[in-house]
There are 2 protein chains.
Amino acid sequence: MPEERIVRLRNAGLTPTPQRLAVLEYLDDNHAHPTAEEIYRAVHSRHPTIVKATVYNTLSALKKVGVIQELTIAREAARYEATATPHPHFMCRVCGRIYDVDLPCMVRPGDDVNGHKVEAVHTYIYGVCADCRRDRVENDNHSKLVVPEARDA
Amino acid sequence: MPEERIVRLRNAGLTPTPQRLAVLEYLDDNHAHPTAEEIYRAVHSRHPTIVKATVYNTLSALKKVGVIQELTIAREAARYEATATPHPHFMCRVCGRIYDVDLPCMVRPGDDVNGHKVEAVHTYIYGVCADCRRDRVENDNHSKLVVPEARDA
DNA sequence: GTGGCTGCAAATCATTTGCATATAC
DNA sequence: GTATATGCAAATGATTTGCAGCCAC
């Protein structure tokens with residue numbers, strides 16, 4: 001329902017341009033936490049005139065009004081998701097995938113921590129995801145589970 | 001005590017060069033979570049031959065062996081701290097300072113979340129710090145506490 | 001109409017890399 | 001002596017910006 005997205009943008013004070021609607025639609029449907037580059041490629045394929053700077057400007061505008069969120073879970077590039085209930089994220093150092101995880105937070109917007117006023121909380125968990133643990137066992141189930149080269153931490 | 005740092009690097013399997021010792025000493029003494037640029041400037045002033053690439057290589061090496069940690073709390077640049085007990089960080093969107101905060105974590109390395117193996121947890125809290133809240137009240141104590149331009153979230 | 005977008009090109013800025021030399025042990 | 005790290009310069013890559021024309025309303 002495009003109308004719903006138009007309303008969402010209008011309510012946020014943003015002109016609902018086709019480009020912004022396309023980016024937002026993509027994020028509504030894609031829960032893999034894409035980078036700006038990935039968003040650009042996907043949107044560009046249906047909307048060939050769009051340029052990367054517009055994607056960046058759009059992401060920045062959507063973020064500012066709280067319609068999407070930016071994750072700094074990886075140093076190389078920001079990741080984006082349509083705003084939902086705040087939740088932690090897990091990034092696999094083997095395959096690089098990012099998962100939403102279902103865990104309560106100890107702090108919430110509006111709280112006070114050590115006298116500081118909380119407005120947002122981002123929890124990033126790093127490790128090896130369920131799929132990659134399984135693969136490792138399947139490929140080599142006589143040796144212990146050993147950690148290979150670390151991508152990051 | 002430089003000997004202690006030499007031992008720390010040796011135990012981690014790293015050659016204790018003067019450059020690495022200088023970077024590590026700076027991080028041991030500075031708890032403001034500096035960027036690579038800030039570390040470079042500080043170390044360069046006592047060690048004028050050091051070059052930024054060496055600071056980056058050093059930070060990367062120290063991180064890989066777990067002697068320091070890299071924070072991705074801000075998109076613009078990584079921040080570093082000497083490794084301590086894992087703890088959440090708070091970044092003030094008014095002054096940009098980063099504080100260590102004293103809160104328990106709900107997940108720890110070794111845990112399992114949704115089937116994923118946890119190796120590290122980074123919690124980043126954003127808002128307005130105690131100092132900046134106080135300043136705002138002092139400068140304008142007849143109006144409500146209003147949030148100005150958002151730097152980020 | 002006009003102010004806010006988009007497309008385009010160029011700039012910025014953090015971070016990385018290749019390579020010859022210097023250093024740690 | 002030899003493997004490893006440093007210094008230097010150039011490359012990379014994400015993100016930003018300035019600006020002229022276009023689009024939404």
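Per chain, numbering begins at 1; letters A, B, ... match sequence-line order.
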(message) Taking only side-chain N and O atoms of B/Arg10, does any of them lie within less than 4.0 angstrom of OP1 or OP2 on C/dA24?
(response)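 It does not, given that no N or O in the side chain of B/Arg10 lies less than 4.0 Å from OP1 or OP2 of C/dA24.
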(message) Among B/Ile125, B/Leu71, B/Ile73, exactly one meets side chain to side chain contact (heavy atoms under 4.5 Å, CB included) together with B/Met91. Which residue is that?
(response) B/Ile73
(message) Need the bend value for the helix from C/dG1-D/dC25 to C/dC25-D/dG1: angle between end axes, 5 pairs each end, nearest 10°.
(response) 40°
State plainly whether one hydrophobic cluster holds both [X] and [Y], where clusters connect Ile, Leu, Val, Met, Phe, Trp and Tyr through side-chain heavy atoms under 4.5 angstrom apart.
{"X": "A/Tyr124", "Y": "A/Phe90", "value": "no"}
{"X": "B/Leu59", "Y": "B/Val51", "value": "no"}
{"X": "B/Val121", "Y": "A/Val121", "value": "no"}
{"X": "A/Leu9", "Y": "A/Ile68", "value": "yes"}

Nearest-Å distance, [atom1] ([X]) to [atom2] ([N])?
{"X": "B/Tyr56", "N": "C/dG18", "atom1": "OH", "atom2": "C1'", "result": "18 Å"}
{"X": "B/Ile6", "N": "C/dA24", "atom1": "CD1", "atom2": "P", "result": "11 Å"}
{"X": "A/Lys52", "N": "D/dA14", "atom1": "NZ", "atom2": "C1'", "result": "8 Å"}
{"X": "B/Leu21", "N": "D/dT4", "atom1": "CG", "atom2": "C1'", "result": "15 Å"}
{"X": "B/Lys63", "N": "C/dT15", "atom1": "NZ", "atom2": "C1'", "result": "11 Å"}
{"X": "A/Lys64", "N": "D/dT16", "atom1": "NZ", "atom2": "C1'", "result": "12 Å"}
{"X": "B/Arg41", "N": "C/dC13", "atom1": "CZ", "atom2": "C1'", "result": "13 Å"}

(message) Quick check: do A/Pro34 and A/Leu27 have side-chain heavy atoms less than 4.5 Å from each other?
(response)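 Side-chain contact under 4.5 Å: yes.
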(message) With a 4.5 Å cut-off on side-chain heavy atoms, are B/Arg133 and A/Asp112 touching?
(response) yes
(request) Kindly point out which of C/dT16, D/dA14, C/dC25 is positioned nearest to the side chain of B/Pro16? (result) C/dC25
(request) Sorted by first residue and then second, give each salt bridge (charged side-chain N to carboxylate O under 4.0 Å, His left out) pair with at least one member in residues 29-41 of chain A; sequence neighbours left out. (result)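 Counting only pairs at least two positions apart or across chains, the salt bridge (charged side-chain N to carboxylate O under 4.0 Å, His left out) contacts touching residues 29-41 of chain A are A/Glu37-A/Arg41, A/Glu37-A/Lys52.
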Can you give each donor-acceptor pair under 3.5 Å made by side-chain atoms of residues 99-110 of chain A, sequence neighbours left out, with the distance rounded to 0.1 Å?
unit_1: A/Tyr99; atom_1: OH; unit_2: A/Arg97; atom_2: NE; d: 3.4
unit_1: A/Asp100; atom_1: OD1; unit_2: A/His33; atom_2: NE2; d: 2.8
unit_1: A/Asp100; atom_1: OD1; unit_2: A/His87; atom_2: NE2; d: 2.8
unit_1: A/Asp100; atom_1: OD1; unit_2: A/His89; atom_2: NE2; d: 3.2

(message) Protein within reach of the bases, or only the backbone? For nucleotides 2-9 of chain C, mark each nucleotide 5' to 3' as B, S or -, using heavy atoms under 4.0 Å.
(response) --SSSBBB
(message) Using modelled atom types and a 3.5 Å cut-off, is there a donor and acceptor pairing between side-chain atoms of A/Ser60 and backbone atoms of A/Tyr56?
(response) no
(message) Test: side-chain hydrogen bond (donor to acceptor under 3.5 Å, both in side chains). Region: residues 7-19 of chain A. Which pairs qualify, not counting sequence neighbours?
(response) A/Glu4-A/Arg8, A/Arg8-A/Asp28
(request) For DNA chain C, find the residues of residues 24-40 of chain A with a heavy-atom distance under 4.0 Å and give them by number; none if there aren't any. (result) none
